[in-house]
Amino acid sequence: MVSRDQVKDPKKRILMVVVKMFIEKGYKETTMLDIIKEADVSASTFQNIFHTKDEVLLELIEFMFTNQFDMAKSIAIDLNNPVIIYAIETSIQLGMVESNEHFREIYLEAYTHPKLVEFINQKTSSELAKIFAKYNPNWEESDFYEAEIGTSGIMRSFMAKPCNKYFTLKRKTERFLSMAFDVYHVPKNKQEKAIEFLKSINVKELVGKVLSKLFLKLEMTFEFKFSNLKEKKL
């Protein structure tokens with residue numbers, strides 16, 4: 001693992017610093033001054049490359065969303081059932097924000113900022129078109145995009161509400177999936193199969209494994225080492 005001082009490319013230096021700080025310190029607590037100081041770059045250099053810290057967050061969100069879908073696909077036993085893959089990806093995403101408050105902050109910011117949520121809507125709608133096309137034969141990609149705008153709003157609301165003894169992670173995941181599946185006209189028997197699959201796996205353990213893999217990939221991609229991150233119990 002190279003040190004920051006060994007990296008000559010200022011963009012890579014900034015990414016190494018900012019991604020680490022966003023996850024360890026939090027998006028809102030990470031200031032421009034923190035970034036410039038830690039990355040050892042000038043304010044003009046940072047602004048010429050990224051303009052704002054939102055631009056760096058976009059790089060992190062792109063990385064996280066791409067890996068979420070890949071991890072969900074690798075976990076699903078029945079790869080011929082894309083509905084199950086969607087259910088797993090949903091449980092991973094909701095579980096991640098419950099396990100780490102800085103992840104919650106990052107995702108909420110991503111689902112709020114116009115440029116970031118537009119990336120999410122476009123990225124996700126392309127995946128949704130592959131998953132739910134068979135249940136919506138007359139839909140065009142724009143229909144999936146419009147539906148994703150609606151379901152992403154529900155996702156943000158669910159992420160913003162921390163789980164409690166009534167609204168557990170299990171309850172939150174099943175409620176979201178029930179609403180999303182209805183939007184995409186998934187037959188009830190397919191919905192039930194996906195929910196039953198989730199009941200058959202340990203979601204908390206799954207999220208822990210995914211986070212470990214994600215942290216490792218982040219370290220390898222952006223070339224840094226995380227400090228010890230303590231995840232709260234789901």
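Judged by distance alone, the side chains of Glu148 and Thr151 do bring a donor and an acceptor atom under 3.5 Å apart.
A heavy-atom distance below 4.5 Å is found between the side chains of Met32 and Phe46. In this structure the side chain of His185 reaches within 4.5 angstrom of the side chain of Trp139, judged on heavy atoms. Taking the side chain as every heavy atom from C-beta outward, Thr90 and Leu198 never approach each other to under 4.5 Å. No side-chain heavy atom of Phe158 sits under 4.5 Å from any side-chain heavy atom of Val97. Thr168 places none of its side-chain heavy atoms less than 4.5 Å from the side chain of Lys172. Looking only at side-chain heavy atoms (C-beta outward), Ile106 and Ile23 come within less than 4.5 Å of each other. Within the 4.5 Å cutoff, the side chain of Asn81 has no heavy atoms near those of the Ile85 side chain.
By the 6.0 Å and 45° rule, Lys161 does not stack over the aromatic ring of Phe167.
Closest non-hydrogen pair, Ser152 versus Asn121, comes out as OG-ND2, 3.2 Å. The heavy-atom pair separating Ser99 from Val207 by the smallest distance is OG-CG1, 4.2 Å. Between Lys190 and Val83 the shortest heavy-atom distance is O-CG1, 4.2 Å. Gln191 and Val186 make their closest contact through NE2-O, 2.8 Å (heavy atoms, listed as atom of the first residue, atom of the second, distance). Looking at every heavy atom in both residues, Ser91 comes nearest to Val203 through CB-CG1, 4.2 Å. The minimum heavy-atom distance between Leu214 and Met96, with the atom names listed, is CD2-CE, 3.4 Å.
Under the side-chain contact (heavy atoms from CB on, under 4.5 Å) criterion, Ile49 pairs with Pro10, Lys11, Ile14, Thr45, not counting sequence neighbours. Every side-chain contact (heavy atoms from CB on, under 4.5 Å) that Ser126 has, sequence neighbours left out, goes to Glu141. In this structure Phe132 satisfies the ring pair (Phe, Tyr, Trp, His ring centres under 6.0 Å) test together with Tyr86, Tyr184, sequence neighbours excluded. Under the ring pair (Phe, Tyr, Trp, His ring centres under 6.0 Å) criterion, Phe63 pairs with Phe222, not counting sequence neighbours. Tyr135 is linked by a ring pair (Phe, Tyr, Trp, His ring centres under 6.0 Å) to nothing, counting only residues two or more places apart in sequence or in another chain.
Leu128 and Ile149 fall into different hydrophobic clusters, where Ile, Leu, Val, Met, Phe, Trp and Tyr residues are linked whenever their side-chain heavy atoms come under 4.5 Å apart, directly or through other members.
With respect to the salt-bridge test (charged N to carboxylate O, under 4.0 angstrom), the residues Lys199 and Glu196 qualify. At a threshold of 4.0 Å, the pair Lys188-Asp182 counts as salt-bridged, since one of the basic side-chain nitrogens sits closer than that to a carboxylate oxygen. Classification of Lys170 and Glu174 as a salt-bridged pair holds, one side-chain N sitting under 4.0 Å from a carboxylate O.
To the nearest 0.5 angstrom, Phe103 atom CZ is 13.0 Å from Leu108 atom CG. One distance of note links CD1 of Ile88 with OG1 of Thr173; it measures 12.0 Å at 0.5 Å rounding. The line from NZ of Lys20 to NZ of Lys25 is 11.0 Å long, rounded to the nearest 0.5 Å. Distance check, rounded to the nearest 0.5 Å: CD of Gln47 to OG of Ser42 gives 8.5 Å. Note that CE of Met220 is 9.0 Å distant from NZ of Lys217, once rounded to the nearest 0.5 Å. A distance of 7.0 Å separates NZ of Lys37 from CG of Leu33, quoted to the nearest 0.5 Å.
A donor-acceptor contact shorter than 3.5 Å links the side chain of Ser200 to the backbone of Phe197. Although no hydrogens or angles enter the test, the distance criterion places a donor-acceptor pair under 3.5 Å between the side chain of Asp143 and the main chain of Glu140. In this structure, the side chain of Asn48 engages the main chain of Ser44 through a donor-acceptor pair within 3.5 Å.
Heavy-atom neighbours of Glu62 CD from other residues, nucleotides or ligands within 6.0 Å: above the threshold of 12.
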*Go through the steps to decide whether Met155 and Leu94 satisfy the test side-chain contact (heavy atoms from CB on, under 4.5 Å), and finish with yes or no.*
CA-CA 8 Å; Met155 175 61 80; Leu94 288 173; 3.5 Å; yes

*Hey, mind stepping through Glu98 and Arg104 against salt bridge (Lys or Arg N to Asp or Glu O under 4.0 Å) and telling me if it holds?*
CA-CA 7 Å; Glu98 293 302 322; Arg104 189 193 305 279; 3.2 Å; yes

*Kindly determine whether Tyr27 and Lys53 satisfy side-chain contact (heavy atoms from CB on, under 4.5 Å), including the steps that lead there.*
CA-CA 9 Å; Tyr27 174 79; Lys53 67 178 184 178; 3.6 Å; yes

_side-chain contact (heavy atoms from CB on, under 4.5 Å) between Leu60 and Leu218, worked out_ = CA-CA 9 Å; Leu60 176 57; Leu218 283 165; 3.7 Å; yes

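The side chain to side chain donor-acceptor pair (under 3.5 Å) pairs that include a residue from residues 105-120 are Asp54-His113, Glu55-Lys115, Gln68-Tyr107, Gln93-Tyr111, Thr112-Arg156, Glu118-Gln122, Glu118-Tyr145, where partners are two or more places apart or lie in different chains.
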